[in-house]
Novice: 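Before I ask anything, here is the structure I am working with.
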Amino acid sequence: MKITTPHHGCAWITGASSGIGAALAVELANRGWKVAISARREADLQAVAAQHGNIHGFVCDVTDRTAMAQVTTDIERALGPIALGVMNAGIYLPTALPQFDATLFDRTFEVSGEGHISLISSVAGYGGLVTSAAYGASKAALFNMGESLAMDLKDSGVHISMVAPGFVKTPATDVNEFAMPFIIEADEAARRIADGLAKNKTHISFPRRFSFLLRFLNLLPRSTYVKLAGRFMGR
Ligand SMILES: NC(=O)c1ccc[n+]([C@@H]2O[C@H](COP(=O)([O-])OP(=O)(O)OC[C@H]3O[C@@H](n4cnc5c(N)ncnc54)[C@H](OP(=O)(O)O)[C@@H]3O)[C@@H](O)[C@H]2O)c1
């Protein structure tokens with residue numbers, strides 16, 4: 001599988017007005033990518049774009065299909081074909097998923113016959129976690145969908161990767177009142193994601209110790225998993 005590079009086109013990160021998406025925009029721009037960032041908060045997008053000349057903001061709500069189709073056109077007009085799509089926009093991402101095989105990426109990938117779509121899931125998608133009933137279910141669905149897409153698109157030239165961060169310090173986790181083991185900064189998460197993308201990894205998960213621990217716990221009988229994972233997170 002060919003590795004997608006800045007040579008093939010631009011990168012688009014949804015949900016990049018703060019947190020992991022914003023940090024990843026700066027990281028990819030520093031690695032030579034032209035980066036389109038989208039989100040709803042225009043001022044925050046502009047503040048991220050101001051950090052690097054190769055970052056360009058596009059206001060768009062991922063739950064608005066028409067707006068997403070329009071922003072795809074706008075990005076390609078401004079920056080050229082989208083070669084790397086990082087679907088990062090929080091819990092609203094699943095709402096936008098039907099557009100993967102419909103209007104959003106079709107044209108780009110039909111024209112170029114290559115590309116990379118990265119789905120930002122979470123270690124919360126491996127199994128249930130404290131306070132993650134809705135969130136974890138959506139992230140588990142994302143893994144399932146990404147794996148299916150990876151199989152279906154195997155010979156298409158389009159690479160699918162799934163990213164499973166542990167806890168990352170962002171506005172989203174600042175509200176958590178429970179202990180967040182192995183939490184890392186958004187810059188560090190962005191570096192790990194960019195490294196994984198550059199190696200065409202299918203599964204990018206970090207921090208390693210937390211990810212291994214959760215994957216190990218998920219090999220146990222489910223009742224044991226529920227007991228141990230809950231206890232590990234202070235319940
Ligand atoms: N932080 C963690 O510990 C952690 C761990 C694992 C996975 N993740 C995943 O990483 C991704 C980024 O999360 P984060 O922690 O960086 O949170 P964050 O700082 O709150 O960022 C969420 C981003 O999503 C955007 N967004 C939310 N709803 C949107 C909508 N309807 N349309 C367009 N953009 C929307 C927000 O921008 P606007 O409000 O401006 O629209 C913001 O830029 C999420 O998918 C999250 O589930 C995070």
Side-chain angles (χ1 to χ4, degrees), residues 1-39 44-58 60 62 71-72 74-90 93 100 104-105 108-109 111-122 142 146 150 153 157-172 183-208 211:
M1 175 69 68
K2 201 157 69 174
I3 294 181
T4 306
T5 69
H7 176 70
H8 297 104
C10 71
W12 174 21
I13 308 171
T14 66
S17 58
S18 64
I20 297 171
L24 184 60
V26 174
E27 184 66 31
L28 291 182
N30 284 335
R31 295 180 186 217
W33 285 90
K34 264 191 271 177
V35 185
I37 54 172
S38 64
D44 297 63
L45 280 176
Q46 280 170 2
V48 178
Q51 294 178 53
H52 197 292
N54 271 350
I55 304 178
H56 306 267
F58 296 82
C60 185
V62 296
V71 85
T72 310
D74 294 346
I75 290 169
E76 291 191 326
R77 273 206 194 116
L79 304 178
I82 299 162
L84 169 63
V86 183
M87 304 294 101
N88 169 72
L93 182 61
F100 279 126
L104 270 187
F105 287 92
T108 303
F109 295 132
V111 171
S112 60
E114 60 195 12
H116 186 152
I117 300 172
S118 187
L119 309 175
I120 307 294
S121 180
S122 165
L142 209 49
L153 296 175
V158 178
H159 183 65
I160 301 289
S161 63
M162 284 144 282
V163 181
F167 291 109
V168 182
K169 189 169 168 21
T170 69
I183 188 162
I184 61 172
E185 295 293 328
D187 291 355
E188 176 62 20
R191 270 195 298 281
R192 304 280 183 100
I193 295 170
D195 285 347
L197 295 177
K199 289 179 187 148
N200 243 14
K201 283 191 169 176
T202 297
H203 186 190
I204 302 166
S205 189
F206 54 83
R208 199 174 294 174
S211 168

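Sequential numbering from 1 along the given sequence is applied to the chain's residues. No experiment lies behind these values; they were computed from the predicted model shown.
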Novice: Can you list the residues that meet the side chain to side chain contact (heavy atoms under 4.5 Å, CB included) rule with Ser18, with sequence neighbours excluded?
Specialist: Arg41, Pro171
Novice: Closer than 3.5 angstrom, by distance alone: can the side chain of His56 be matched with the main-chain N or O of Leu79 as a donor-acceptor pair?
Specialist: no
Novice: Should Met87 and Val163 be marked as a side-chain contact (heavy atoms from CB on, under 4.5 Å) after you check the CA-CA gap, both sets of side-chain angles, and the distance that decides it?
Specialist: CA-CA 10 Å; Met87 304 294 101; Val163 181; over 6 Å; no
Novice: Between CZ of Arg191 and CG of Asn30, what distance do you get to the nearest 0.5 Å?
Specialist: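 Rounded to the nearest 0.5 Å, the CZ-CG separation comes to 10.5 Å.
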Novice: Spell out, as yes or no, whether a donor-acceptor pair under 3.5 Å connects the side chain of Asn54 to the backbone of Gly32.
Specialist: no
Novice: Excluding sequence neighbours, so at least two apart, what forms side-chain hydrogen bond (donor to acceptor under 3.5 Å, both in side chains) with Gln46?
Specialist: none
Novice: Looking at CD1 of Ile204 and OG of Ser211, how far apart are the two atoms once the value is rounded to the nearest 0.5 Å?
Specialist: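 One finds 11.5 Å between CD1 of Ile204 and OG of Ser211.
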Novice: Please report the shortest heavy-atom distance between Gly146 and Ile160, naming the atom on each side.
Specialist: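 Taking Gly146 first and Ile160 second, the nearest heavy atoms are O-CG2, 3.6 Å.
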Novice: Quick check: closest heavy atoms across Lys201 and Ser161, and the distance to 0.1 Å?
Specialist: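 Answer, listing the atom of Lys201 first, then Ser161: O-CB, 3.2 Å.
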Novice: Which atoms form the tightest heavy-atom contact between Ile184 and Pro207, and what is the distance?
Specialist: CG2-CG, 4.4 Å
Novice: Is there side-chain contact between Ile82 and Cys10, with at least one heavy-atom pair below 4.5 Å?
Specialist: yes
Novice: For the pair Thr14 (side chain) and Asn88 (backbone), establish whether a donor and an acceptor sit closer than 3.5 Å, ignoring hydrogens and angles.
Specialist: yes
Novice: Taking all heavy atoms of Ala83 and all of Trp33, pick out the closest pair and write down the distance.
Specialist: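 Shortest heavy-atom contact: CB-CZ3, 4.4 Å.
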Novice: In the structure I gave you, are the side-chain heavy atoms of Phe58 and Leu45 within less than 4.5 Å of one another anywhere?
Specialist: no
Novice: Quick one: are Thr202 and His159 in side-chain contact, heavy atoms under 4.5 Å?
Specialist: yes
Novice: Out of Val35, Thr5, Leu28, which one pairs with Leu84 under the side-chain contact (heavy atoms from CB on, under 4.5 Å) rule?
Specialist: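 Filter result, single survivor: Leu28.
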Novice: What closest approach, in Å, do Leu142 and Ser121 show between heavy atoms, and which atom pair accounts for it?
Specialist: CD2-CA, 3.9 Å
Novice: Nearest 0.5 Å please: distance from the CD1 atom of Ile193 over to the OG atom of Ser118.
Specialist: 7.0 Å
Novice: Verify side-chain contact (heavy atoms from CB on, under 4.5 Å) between Asn200 and His116, making sure each step is shown before the conclusion.
Specialist: CA-CA 8 Å; Asn200 243 14; His116 186 152; 3.6 Å; yes
Novice: Which atom pair, heavy atoms only, marks the closest approach of Ile3 to His8?
Specialist: O-CE1, 3.4 Å
Novice: How long is the span from the CD1 atom in Ile117 to the CE atom in Met162, to the nearest 0.5 Å?
Specialist: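 Between atom CD1 of Ile117 and atom CE of Met162 there are 11.0 Å.
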Novice: Rounded to the nearest 0.5 Å, what separates atom CG in Leu24 from atom CG in Leu197?
Specialist: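 Rounded to the nearest 0.5 Å, the CG-CG separation comes to 6.5 Å.
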Novice: If you round to the nearest 0.5 Å, how far is CG of Asp74 from OG of Ser38?
Specialist: 11.0 Å
